[in-house]
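Below, read A as the first sequence line, B as the second, and so on, with proteins coming before strands; counting in each chain starts at 1. Being a predicted model, the structure only gives us computed values, none of them experimental.
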Amino acid sequence: MDKLLLLGDEAVAQGALDAGISGAYGYPGTPSTEIFEYVQKSNQAAERNVHRTWSANEKTAMEEALGMSYSGKRCIVTMKHVGLNVAADPFVNSGITGANGGIVVAVADDPSMHSSQNEQDSRHYGNFALVPVFEPSNQQEAYNMMADAFELSEKYKTPVILRLVTRLSHSRSGIIRGEIQKENELHLPDNPMQFMLLPATARVNYKNLIEKQTLLIEEAEKSKYNEYHEGKDKSLGIIACGLGYNYVKENHVEAKCEYPILKICQYPLPKKYITKMVNECDEVLVVEDGMPVVEDWLRGYLNDCHAIHGRLDGTLPRYGELNPKTLRKALNLEPHPIKEMPVIVRGRPPELCKGCPHRDTYNALNEVMEKYGKGHVFSDIGCYTLGFLPPFDAINTCVDMGASISMAVGAADAGLFPSVAVIGDSTFGHSGMTPLLDAVNSKANIVAFILDNGIIAMTGMQDSAVTGKIEDICLGIGVEKEHIHVINPLKSHHEENVKIIQQEIDYNGVSVIIPRRPCIHIAAKLRKKK
Amino acid sequence: MKKDIILAGVGGQGILSIATIIGYAVVQSDLYLKQAEVHGMSQRGGAVESHLRISDKEIHSDLIPHGRSDMIISMEPMEALRYLPYIKNDGWLVTNSNPFVNIPDYPEMDELYKEIETHKHSIIIDGDGIAKDVGSPRSMNMVILGAASPFIALPFSMLEDGIRAVFGRKGEDIVNKNLEALLRGKEFTENHINK
Ligand SMILES: Cc1ncc(C[n+]2csc(CCOP(=O)(O)OP(=O)(O)O)c2C)c(N)n1
Ligand code: SF4
């Protein structure tokens, strides 16, 4: 069969389609977005009419997926690591309900925070919810794992996490496809209690979940993704998880590795192999991308069992993405000669595009805010977060999606005046509506800007769930009509916009200002459509 | 055969098309390929890089190890220098000569060129000028790819096929202009080495 040249994300999507999914659910987020976009563009998905519309947020995506699983069909849920926080409630509980049709939650972590607020590790969620985790070390494995993950999901009636990291998500390689499976027929759960988490039934389901763990460990011990490579030199054993395995291998291209290596790409941990390694080796080095998850599990609290090296004792950096260089040092191999970056090279941070509507919004807002001093503008996540950087210096916070309006409410409660929120249209749909309801109910004195550029720009132009609905949503939530303004963020409207902003700051209550102008990258497309 | 290449530039300068073209060429052959892209935040006028690895043996890491890259291909002179920690002492540094100035503290050009020329093997080429000359200012990236082509260890015709495959949808005129840009880049380097 022909090789396909695919990103790690795309390999996951192709693997899911070939494993017979009937639906993809998700919310965009770098580096996971391309999984969903691949399904959306796929002819195979179109022919089968696989569900492939973006959800409003990760929680609704996870719950919609649970509904499809309840109905007996396979589906995939895609999100970035912090998305799993938003979906944590349904996700953790899905461990207890388990799955009927297979569910794979494909989560992309972002070690080194290339485009994220933190570098949390989704394997923690797997452990927390007692859900098995697959962690591919390369693109072909990512593809192959999908079929196996769905099989495991249905065999043990459990959702499965597929944990990706940025480097794999966004790196291409040749893929050879496997068998193409048919979609499941509609079939409801055999056990009518399965999805019913009343305390009495939840206790029964939870007991089942705990009992399943022994079997899941056995599966990990049999898994073709976990391998024990024997080695002559037992002074050190290496446990290499996911991509970490590649970096170990990369450093042994010229000279073979003499230490035993345990490659782990399926969790819960394969106990048998771990025990073998700890028994036969003097010391153990744990190599994992992201947080020291496995290392932590092995160490326990007192760390008096064995000499374990990794991110916690400084053998590898405590945080940040692994790379071949950090591994080389940890393995005590001679470093390659490395040149320094010349001092004249300056940083080049990203910036709002020339002509971006957010620029004009910030220019108008800044003019009004000047007299109040710094520190009044709570922002959110999207292209507009770049308004933190010069020349704008316009915003003061960015915590998690939706936090702009809620933090503005809390600050107004504390007496901060003015208290301004700046949120993008998609972020408003994701999790800005509920805090706006709080604001209305408590008559908070805030001005909320909902920046409507007609698209989810930050993550590469996906459809926004609230396009064409924003004013109605605000009215429905109870914002007064006279205090909802749509403005045109353009230089030619600057004076008028400044006046409206000032007027709403002066109003004691909830005001919504909607600067509406398409992102310049879709403006041309929209014009054509008309 | 093994080539580790860093592609460098500023968001929007077309390093991903270069990666796609080489990727297309390689996948048609029996060689292994890994190509790590940078997406997201870094696209809005920020620095972008891509690691491209080609080999006749299995490739392990998606990232090129520091100090092991055979080449830096850069659309912009300051960006070329950003990735020096990756290049081998005798690796090739091929860069566009024209700066992309979107920061207030951009360094002096003389200093940049001097710094580039202290590297053992370097080529500085007016990619924008040649692209304009060919009648396709947007093909600067193909000029730079052409200038790097003598060191990539892939047959030139494979890169041409890559251009045909990637730009084919956009029509014959665009394909031809990009092919011309690629060729002009290659000729520049050949003249430069033979001097
Ligand atoms: C929980 C969570 N999910 C997803 C993301 C990734 N993400 C960052 S901003 C954003 C959407 C931005 O869209 P919008 O609010 O419309 O602003 P724009 O970028 O269009 O200006 C997304 C999906 C995230 N940071 N957190
Ligand atoms: S992509 Fe669109 S919304 Fe984002 S900075 Fe550029 S113009 Fe603005």
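Within the 4.5 angstrom heavy-atom criterion, only side-chain atoms of B:Arg68, from C-beta onward, approach chain A. With a threshold of 4.5 angstrom between heavy atoms, A:Cys356 does not approach chain B through any atom at all. If you measure heavy-atom distances from A:Leu389 to chain B, you find no contacts under 4.5 Å at all. Heavy-atom distances place the backbone of B:Tyr24, and not its side chain, under 4.5 Å from chain A. Contact of A:Val253 with chain B is made through the side chain alone, with heavy-atom distances under 4.5 Å. Within the 4.5 angstrom heavy-atom criterion, no atom of B:Ile54 approaches chain A.
Within the 4.5 Å cutoff, no side-chain heavy atoms of B:Pro65 are placed close to those of A:Asn323. Counting heavy atoms from C-beta outward, A:His252 and B:His60 have side chains that stay 4.5 Å or more apart. Within the 4.5 Å cutoff, no side-chain heavy atoms of B:Gln35 are placed close to those of A:Leu7. Annotation: side chain of A:Lys339 is in contact with side chain of B:His119 (closest heavy-atom distance under 4.5 Å).
With respect to chain A, the highest number of heavy-atom pairs below 4.5 Å among B:His51, B:Glu115, B:Gln28 belongs to B:Glu115. The residue among B:Val27, B:Leu112, B:Asn102, B:Thr20 with the most heavy atom pairs within less than 4.5 Å of chain A is B:Asn102. Considering only heavy-atom pairs separated by less than 4.5 Å from chain A, the leading option among B:Ile64, B:Ile87, B:Ile103 is B:Ile103. If you tally non-hydrogen atom pairs under 4.5 Å between each of B:Lys57, B:Glu79, B:Lys88, B:Glu108 and chain A, the highest count goes to B:Glu79. With chain B as the partner, the residue from A:Met341, A:Arg346, A:His336 showing the most heavy-atom pairs under 4.5 Å is A:Arg346. Of all the listed residues (A:Cys353, A:Gly174, A:Gly347), the one sharing the greatest number of non-hydrogen pairs under 4.5 Å with chain B is A:Gly347. In terms of heavy-atom pairs under 4.5 angstrom with chain B, the leader among A:Asn246, A:Leu4, A:Leu327 is A:Asn246.
Taking every heavy atom of both residues into account, A:Ser171 and B:Asp62 meet most closely at OG-OD2, 2.6 Å. Of all the heavy atoms in A:Tyr247 and B:Leu63, the pair that sits closest is OH-CD1, 3.6 Å. The minimum heavy-atom distance linking A:Ile344 with B:Met78 is given by the pair O-SD, 4.3 Å.
Around CZ of B:Arg164, the count of heavy atoms belonging to other residues, nucleotides or ligands within 6.0 Å exceeds 12. In this structure, B:Tyr32 places its OH atom where only 12 or fewer heavy-atom neighbours from other residues, nucleotides or ligands lie under 6.0 Å away. Annotation: A:Tyr319, atom OH; neighbour count of heavy atoms from other residues, nucleotides and ligands within 6.0 Å does not exceed 12. Heavy-atom contacts from other residues, nucleotides or ligands closer than 6.0 Å to CZ of A:Phe388 number 12 or fewer. For B:Asp105, the CG atom counts as densely surrounded, since its 6.0 Å shell holds more than 12 non-hydrogen atoms of other residues, nucleotides or ligands.
The distance from the NE2 atom of B:His66 to the OG1 atom of A:Thr326 is 9.0 Å, given to the nearest 0.5 Å. Atom CZ of A:Arg167 and atom NZ of B:Lys34 lie 12.5 Å apart (nearest 0.5 Å).
A:Ser173 places a side-chain N or O within 3.5 Å of a backbone atom of B:Leu33 that can act as its donor or acceptor partner. No donor-acceptor distance shorter than 3.5 angstrom exists from the side chain of A:Arg348 to the backbone of B:Val101, with no hydrogens or angles considered. Between the side chain of A:Glu250 and the main chain of B:Ser61, a donor-acceptor pair closer than 3.5 Å is present.
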